[in-house]
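Every heavy atom of this structure was used, including side-chain atoms; hydrogens, water molecules and symmetry mates were not. Nothing here was measured: the structure is a model prediction, and the numbers come from that model.
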Amino acid sequence: MDKSKRLFLKSKRSFRRRLPPIQSGDRIDYKNMSLISRFISEQGKILSRRVNRLTLKQQRLITIAIKQARILSSLPFLNNEKQFEKSESAARTTGLKTKKK
């Protein structure tokens with residue numbers, strides 16, 4: 001077989017298909033914290049659809065549920081509060097300028 005033809009052949013590797021992250025019985029709701037917390041990063045950000053392997057409709061519902069949970073304060077806006085406080089205090093100290101007389 002010629003090398004140029006060999007490039008277009010599909011490899012016959014078997015791969016295991018991943019299960020969908022949301023089963024048909026799961027309700028996407030702001031009260032379902034065990035489901036919602038799987039789609040949030042360590043920093044508290046909503047993970048992208050590509051990372052989550054969700055459909056467009058599921059991603060929209062997850063995003064809405066996360067935002068509702070944040071507003072109702074059942075989910076924090078930031079998970080790293082200590083890191084946020086450090087960066088905020090550093091910004092305050094660097095923002096102050098003293099004039100020398």
Side-chain angles (χ1 to χ4, degrees):
M1 194 180 276
D2 195 14
K3 276 189 175 181
S4 61
K5 290 182 182 178
R6 220 182 284 168
L7 294 174
F8 294 108
L9 291 176
K10 288 186 178 179
S11 65
K12 294 185 180 181
R13 275 194 252 167
S14 64
F15 64 94
R16 196 181 100 199
R17 187 169 183 165
R18 287 189 177 179
L19 294 172
I22 299 177
Q23 276 67 32
S24 59
D26 291 339
R27 283 203 61 196
I28 301 173
D29 197 10
Y30 67 93
K31 296 177 223 167
N32 193 352
M33 294 306 294
S34 62
L35 179 72
I36 286 177
S37 61
R38 288 190 288 177
F39 303 107
I40 298 176
S41 70
E42 292 176 4
Q43 299 169 342
K45 295 181 181 180
I46 302 171
L47 294 174
S48 70
R49 190 177 146 223
R50 187 184 61 196
V51 173
N52 290 336
R53 304 184 70 106
L54 295 174
T55 63
L56 184 62
K57 188 174 184 179
Q58 288 173 335
Q59 180 70 21
R60 281 194 197 126
L61 292 172
I62 285 289
T63 303
I64 290 168
I66 290 171
K67 289 179 180 181
Q68 286 175 343
R70 284 176 176 168
I71 290 169
L72 294 173
S73 68
S74 57
L75 191 71
F77 281 94
L78 291 173
N79 280 350
N80 296 336
E81 292 178 4
K82 293 177 183 174
Q83 184 180 3
F84 177 71
E85 289 173 5
K86 286 179 184 176
S87 64
E88 188 177 333
S89 63
R92 279 192 220 141
T93 57
T94 56
L96 297 174
K97 294 181 181 177
T98 58
K99 292 184 180 179
K100 294 184 179 179
K101 293 184 181 180

Q: Would you name the heavy atoms of Y30 and Q68 that are closest together and state the gap between them?
A: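 Nearest pair, atom of Y30 first, then Q68: CD2-OE1, 3.4 Å.
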Q: Locate the shortest heavy-atom distance separating D29 from I36; write the atom from each residue and the value.
A: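 In this case the closest contact between D29 and I36 is O-CD1, 3.2 Å.
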Q) Can you name the side chain to side chain donor-acceptor pair (under 3.5 Å) partners of T63, sequence neighbours left out? A)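 Partners of T63 by the side chain to side chain donor-acceptor pair (under 3.5 Å) criterion come out as none, since no residue qualifies.
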Q) For N32, which residues count as a side chain to side chain donor-acceptor pair (under 3.5 Å) partner, sequence neighbours excluded? A)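 With sequence neighbours excluded, N32 shows a side chain to side chain donor-acceptor pair (under 3.5 Å) to S34, given in chain and number order.
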Rounded to the nearest 0.5 Å, what separates atom [atom1] in [X] from atom [atom2] in [Y]?
X   : Y   : atom1 : atom2 : value
F77 : K67 : CZ    : NZ    : 10.0 Å
L47 : I40 : CG    : CD1   : 8.0 Å
L78 : K45 : CG    : NZ    : 10.0 Å
Q59 : I28 : CD    : CD1   : 9.5 Å
I22 : T55 : CD1   : OG1   : 7.5 Å

Check side chain to side chain contact (heavy atoms under 4.5 Å, CB included) between [X] and all other residues, then give those that pass, not counting sequence neighbours.
X   : value
I71 : none
R38 : D26, L35
S37 : none
L56 : R49, R60

